[in-house]
*Asks:* 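After the structure tokens below, expect a handful of questions from me.
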Amino acid sequence: MKPKAIRGMNDILPQATSSWRHLETVVLELVESYGYREIRLPLLEYTELFARSIGEVTDIVEKEMYSFADRNGESLTLRPEATAGMVRAGITNGLFHNQRQKLWTMGPMFRYEKPQRGRYRQFHQIDVEAMGYDGPDVDAELIIMSARMWRRLGISRVQLELNSLGMPQSRARHRDALVDYFSAVKNQLDDDSIRRLAKNPLRILDSKNPALQDLIEGAPRMLDYLDDECQAHFLQLRELLDAAGVQYRVNPRLVRGLDYYNRTVFEWVTDALGAQGAVCSGGRYDGLVEKVGGRATPAIGWAMGVERLVALFEACGGQAPAATPDVYVVAVGEAATSASFTLAETLRDELPDCGIELNLGGGGFKAQMKRADKSGAGWVVILGDEEVQRGEAGLKPLRTGGDQLSVDVGQLAETLGRYLNRR
Ligand code: ATP
Ligand code: MG
């Protein structure tokens, strides 16, 4: 019987990884060009960190975390998202003391969800966070940066949704209004929502139950409860986005799935991926650092789902440059085969920027040429025992249909370098 992978956890195969690498490279180069620096974090944290930061009454903490007791009996959890660990690391390492930090990280996240297209149990995020900035300039810049990212990637089918969740004080009044509103229609709610009505009514707005969408549509809007400062923050953000030509739709229902957000929240959504339309989501979380045990530090960030980004890139007709060698070396005959090994290493010395693949495991000329073709290389170097005796090698372009040349072995690297335009 074939061994099975765990449900919802994917192998990312070689034919997919060039897209992944291309997208990661473009995105991360852009993010670094805005001044963000990489931080690498553990995949495991104490369970308590996530319960405290994401919120007890959220889908993630209530039913999606991979938690277990380690051999010492401590409850640990595979990270379901990156922000909590980032905040924890910043406090642990004193990164927020009289400093501001612009950080990015990337890697797998784990949520016990129902696997479906675009929704997996191990998935990947690129995560960008600015800590110590109270905005709204940084809010705007983070969003403008993501808009530039779509342009760089040639992705057009995305729309920006924007909302403000205000501050805890004004949230309390909104919360009361939500409780009144949903209590009056309690018989139409599902079990999850009834439970949340008492504990965390804002979460009802994030319900994905289609039967509740009309009710949610009519619910009191946080935007109507914003205090003056939050209103000014939101207005300035909108002005900065307008000035940058970034279009958005204010969506008063956008609340996000984690409790720690306040003020600005946003989501880039697409119609190209079916039900799983959120590609890049983020928001401000001014209270989180203090909640996790640090000094009050305003902060904002976004996370992008890499699986969804790859799917969207492909849906928009994007094609990543294929990972292929530049040169494939074939050799027929005993002397040639042994010479080819040295020759390939010499070429790698002389042309360190080029990909040189050597035919391994012998084979006839035809079979080797087939492999050369399949490798995607632009050039093939051909060695036979006679060529080796003459101190020559055959050189043939594989994609342009040109003739085979005979080149002095001592000149081969230079000739190839010239043809490959890399020297
Ligand atoms: P959704 O509403 O689709 O469940 P979310 O609000 O839970 O998303 P976040 O926690 O904000 O998502 O994560 C940021 C991004 O990570 C999402 O916009 C999405 O692209 C991606 N993402 C979240 N959960 C998954 C998952 N289970 N599988 C694949 N990608 C995911
Ligand atoms: Mg979710």
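Read the numbers this way: they start at 1 and go in the same order the structure lists the ligands and their atoms.
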*Asks:* Closer than 4.0 Å to some heavy atom of A278 - which atoms of ligand 1 meet that?
*Replies:* 17 (C), 18 (O), 19 (C), 20 (O)
*Asks:* Does E56 use its side chain to pair, donor to acceptor, with the backbone of R52 at less than 3.5 Å?
*Replies:* no
*Asks:* Which atoms from ligand 1 have a heavy atom of A303 less than 4.0 Å away?
*Replies:* 14 (C), 15 (C)
*Asks:* Treating W302 as the side-chain partner and L142 as the backbone partner, does any N or O pair qualify as donor plus acceptor under 3.5 Å?
*Replies:* yes
*Asks:* Determine, considering heavy atoms only, which of Y261, W302, F110, F123 sits nearest to atom 30 (N) of ligand 1.
*Replies:* F123
*Asks:* Look at atom CD1 of I6 and say whether more than 12 heavy atoms of other residues, nucleotides or ligands are closer to it than 6.0 Å.
*Replies:* no
*Asks:* May I have the step-by-step check of ring pair (Phe, Tyr, Trp, His ring centres under 6.0 Å) for W268 and W150, ending in yes or no?
*Replies:* CA-CA 10 Å; W268 287 96; W150 306 127; 5.7 Å; yes
*Asks:* Identify the closest protein heavy atom to atom 28 (N) of ligand 1: which residue and atom is it, and at what distance?
*Replies:* Y120 N, 3.0 Å
*Asks:* Is it true that R119 lies under 4.0 Å from ligand 1, counting heavy atoms only?
*Replies:* yes
*Asks:* Is M304 in polar range of ligand 1, meaning some N or O pair under 3.5 Å apart?
*Replies:* no
*Asks:* What protein heavy atom lies closest to atom 21 (C) of ligand 1? Include the residue and the distance to one decimal.
*Replies:* G305 CA, 3.6 Å
*Asks:* Is there a donor-acceptor pair under 3.5 Å between the side chain of R100 and the backbone N or O of A130?
*Replies:* no
*Asks:* Does the distance from a Lys or Arg side-chain N to an Asp or Glu carboxylate O, for K199 and E62, drop under 4.0 Å?
*Replies:* no
*Asks:* Report yes if some N/O of E307 lies less than 3.5 Å from some N/O of ligand 1; otherwise report no.
*Replies:* no
*Asks:* Taking a cutoff of less than 4.0 Å between a non-hydrogen atom of the residue and any ligand atom, is R111 in contact with ligand 1?
*Replies:* yes
*Asks:* Taking only heavy atoms of K208, which atoms of ligand 1 are found under 4.0 Å from at least one of them?
*Replies:* 1 (P), 2 (O), 4 (O)
*Asks:* Do D176 and R173 meet the salt-bridge criterion of a basic N to acidic O distance under 4.0 Å?
*Replies:* no
*Asks:* Taking 4.0 Å as the limit for heavy-atom contacts, which would you say applies to V279 with ligand 1: side chain only, backbone only, both, or neither?
*Replies:* backbone
*Asks:* Run the contact test for E113 against ligand 1 with a 4.0 Å cut-off on heavy atoms, strictly below, and give the result.
*Replies:* yes
*Asks:* What protein heavy atom sits nearest atom 29 (C) of ligand 1, and how far away is it?
*Replies:* G118 O, 3.3 Å
*Asks:* Considering heavy atoms of the protein only, find what lies nearest to atom 8 (O) of ligand 1 and give residue, atom and distance to 0.1 Å.
*Replies:* R308 NH1, 4.4 Å
*Asks:* Which residue supplies the protein heavy atom nearest to atom 15 (C) of ligand 1, what is that atom called, and how far is it?
*Replies:* Q125 NE2, 3.6 Å
*Asks:* Taking R308 for its side chain and C280 for its backbone only, find out whether a donor-acceptor pair lies under 3.5 Å.
*Replies:* no
*Asks:* Going by an N to O cut-off under 4.0 Å, is there a salt bridge joining D59 and K63?
*Replies:* yes
*Asks:* Please report which non-hydrogen protein atom sits nearest to atom 18 (O) of ligand 1, along with the residue it belongs to and the distance in Å to one decimal place.
*Replies:* S281 OG, 2.7 Å
*Asks:* In the protein, what heavy atom is nearest to atom 6 (O) of ligand 1, and what distance, to one decimal place, separates them?
*Replies:* R256 NH1, 3.2 Å
*Asks:* Under 3.5 Å, is there a donor-acceptor pair between the side chain of E113 and the main chain of I60?
*Replies:* no
*Asks:* State whether Y112 and R121 meet the cation-pi test: NZ (Lys) or CZ (Arg) under 6.0 Å from the six-membered ring centroid, and within 45° of the perpendicular axis.
*Replies:* yes
